[in-house]
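Notes to accompany the following structure.
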Amino acid sequence: MERITLGTSKVSIEFPGVKALSDVDFEVTTGEIRALVGANGAGKSTLMKALSGANPGYTGEIRLNGQPIEIRTPLAAKRRGIQIVYQEVDTALIPTFTVGENVMLNETIMYGKQLMNWRELYRQARAVLDRLHINVNVKTLVQNLSLAEKQMVLIARAIQSKCNFLLLDEPTAPLSDAETSELFALVRHLRETENIAIVFVSHRINEVIQICDSYTVMRNGEIVDTTPITPETTTSEIVEKMLGRSISESFPKEETIIGETVLEVENLSGADGKVDNVSLTVRSGEIIGIAGLVGAGKSELCKTLFGAYRKTGGSIKLHGKELRMRIPSHAVKNGLALVPEERRKEGVMVNENVAFNLSAASLDKHTVASFVNRGSINANARQFVSDLDIVTPGIFQVVKNLSGGNQQKVSVGKWLAADCSVYIFDEPTKGVDVGAKREVFHLINDIAKRGNAVIYASCENSEILSITDRVYVMYDGQVMAELVTKDTNEDEIMHYAVGGKHVPD
Amino acid sequence: MTALSTNRRKKAVHFLLDWAAVITLLLCFVIFTLLKGKSFMSENNMINILRAMSITTVFGIAATVTMSTDGFDMSMCTLASCSAYVFVSMYLWNGMSLGMSIVMSILVTLVMYQLTMFLILVTRIPDMLATAALMFVHQGLGQWYIGGGAVSTGMRLPNGNPPARTTLSPQFSAIGRAPLIIIITLVCVLLAYIFLEHTKYGRYMYAIGGNREAARLSGINVKGYRYLAGLITAVFIAVGGILVASRTSSAQVMNSDGYLMQSLAAVFVGRSVGGAERPNAIGTLVGALLVSTLENGLTIMAVPYYMLPAVKGGVLALALIAAYAGKKEQ
């Protein structure tokens, strides 16, 4: 097999006010798996977009085998065999199309005849899904798939076309551990059998070490270092390069005073059967974890508690009083707060400014006879921007221009302003870099310290172990076990998370 | 065991919802036949229904093509009135052949649609707003062209000159009568169906409608295909206008304007047919057929004409409830 290289030479990209990439020299050769790591806003995604033609405004050169090429459109990139799978899967799929059509979309666009050959299309789609051991019906509409399945469809699409360079932008973010290892097996298999280079963007450094041959670190739009991964490579070494400073790996649990029971949930069922007979309690000052794989029903539990999904049975008691909530608005009135999983879709209003977002859950406090008091809103915003260290040019900045970590802080901040007593966090660190993750943890600890009850749902067991007091492990909508965090470990959580029964003592 | 049976029940509910429009249509046929027998279920009356369906269907097809790219055109029927003015005036005033009049009408409609596409694609005004403004532009421009009055036989031109023709040929009238009007309609549906479902250009349009950003990143020329969708829409609009003119043997002022809502209703009812979840040609045909069957059946049942809109609207609402309810929560 003849090796091919893809590289950039002095590639720069400027957005209004920001230099997203400056003079980047990057190169990959087929046959390798390269990690691209860096904090949020380091320029990883921008570089990936430039290589895949989604960012036509770059200066400098992109080179294929040393020859300068023009990649100004996604189509141009695809014709050169450069395929990208985006982090936000919904931006790349057509929800109203079937799985088969989505898998074959590139093929249809580039090589399709004038007329659609539906039988052939479905045959080929099925073949490629079989090859990747993806078990999804080709005739299902993509809008009915889970996040993980959508991801698989996208990878199948990339592999299906001519593909020498596969760019994976945080592919594992929505995947469970089992699905991640399936993906890794697939990626290794691809490297062995095809003439392909894989660029793997990830925040999960342990995954990077596990699967990649070498890594490139980016910081502030520049490439800091490219190094092979050896058995001696450590996580802290990479993190240090990413942040430009050293950072301790674990997030110590801060001591809080645990008081009386605040929230008591008995035999809760709902969300179309995805929450099945769940009982749990949370005391004031306590952080409880909801652990489990993707699809175990964690998000559904959070949303059912919040009244966003229909409850079909059981009771939710707050301070001993039963709550009757049919819609989230009732939950908010009762002092419940939900920081949802899909931040940009559900957590913040991306097109509104920081000040408005921070007051969105507590507007009542900023109104006089139903007229909004802007001064009060702005004062509230300034206070939380400084309290939470939200990095923004000002309180009137539109939230979509903030980095992921800062968006998350805004999403949390709006509930702090609303004085709630129960805080539910659903995967709050998803897509947040190591530095910002620490700050989010700190924030959650603070919330608990003030005597609030906190529910923390995550599929990252290491996070659950470092921040919670007790853990409920979910599997298939049910709570399999209740564990005390300091007496348990990752293996035990995994045992229950994959459906394991009680271990006899 | 219970999981299996709920699963089966879910599937059955889904099936019912997916085919709600078709089932309603069949129910209408059965009920009207039971109640009215021969006076409903006769060859003549079936042709009546199809003929009444035709114009709604053609405008519905125009809307289907626009909506396939997630576009929306409120001004299509006011533009169709203009197409009709051009069609009849070319034939009567300028003495053109029937074929040339049709061609001219389509050409002028295409030219006028450039303005729509300019507002939407170049100045980037949202479709709904741009076409709402264009409704007035079309009405004004059209009436200015015909001098404020209808174009019909025996009338002088706005400048006082006598018309080149004083009568309509049998061929002219045949366009608006069964069977030709039905055949033209079915051909329109068939062409749109083949184009949207079986050519890759149609799939591009649906891809754009489903997720514009994904379509762009997949290398589809989004603006180009939205423009193409506009051109095709314009052709169907012109055909609709010509059918209306031929049916009424003249181009009355704003004669097509009233078809907008019921053709949009046909598209929305048809959206869910067979679980398609997007505007589609066959669904639109079913939707239009449902509207005209209801109208026909209720008239035969001697429901007063002024009550018709309410009953029609109610049944449409039911079909829409079936189409949208029971889909994913929120």
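Atom set for the values below is all heavy atoms of this structure, side chains included, hydrogens, waters and symmetry mates excluded. Each chain gets a letter, A, B and so on, in the order its sequence line appears, and its residues count up from 1.
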Checklist entry - With sequence neighbours excluded, what pairs up with A:N137 under the side-chain contact (heavy atoms from CB on, under 4.5 Å) test? => result A:K139, A:T140
Item to check | side-chain contact (heavy atoms from CB on, under 4.5 Å) involving A:T46 - partner list, sequence neighbours excluded | outcome: A:I13, A:F15, A:A20, A:L21, A:N55
Item to check | Heavy-atom pair of closest approach, residues A:A92 and B:A214 | outcome: C-CB, 3.3 Å
At a 4.5 Å cut-off on heavy atoms, which part of [X] comes close to chain B: side chain, backbone, both, or neither?
X      : answer
A:L93  : backbone
A:N102 : neither
A:L141 : side chain
A:T73  : neither

Item to check | Separation between CD1 of B:I220 and OG1 of A:T108, rounded to the nearest 0.5 Å | outcome: 8.5 Å
Next on the checklist: Determine whether B:K200 and A:M116 satisfy the following criterion, side chain to side chain contact (heavy atoms under 4.5 Å, CB included), listing intermediate values before the conclusion.
Outcome noted: CA-CA 6 Å; B:K200 66 175 183 174; A:M116 302 291 291; 4.0 Å; yes
Checklist entry - Who wins among B:R203, B:E213, B:R278 for the most heavy-atom pairs under 4.5 Å with chain A? => result B:R203
Item to check | When B:Y204, B:F195, B:Y201 are compared by non-hydrogen pairs under 4.5 Å with chain A, the top option | outcome: B:Y204
Next on the checklist: Please rank A:I84, A:L75, A:T91 by heavy-atom pairs under 4.5 Å with chain B and give me the top one.
Outcome noted: A:T91
Checklist outcome for this item: With chain B, the option among A:L105, A:N117, A:I94 that has the most non-hydrogen atom pairs under 4.5 Å is A:I94
Can you tell me if [X] has over 12 outside heavy atoms packed within less than 6.0 Å of its [atom1]?
X      : atom1 : value
A:K311 : NZ    : yes
B:Y225 : OH    : yes
A:K49  : NZ    : no

Next on the checklist: Main chain of A:D90, side chain of B:N211: is a donor-acceptor contact present, judged purely on distance under 3.5 Å?
Outcome noted: yes
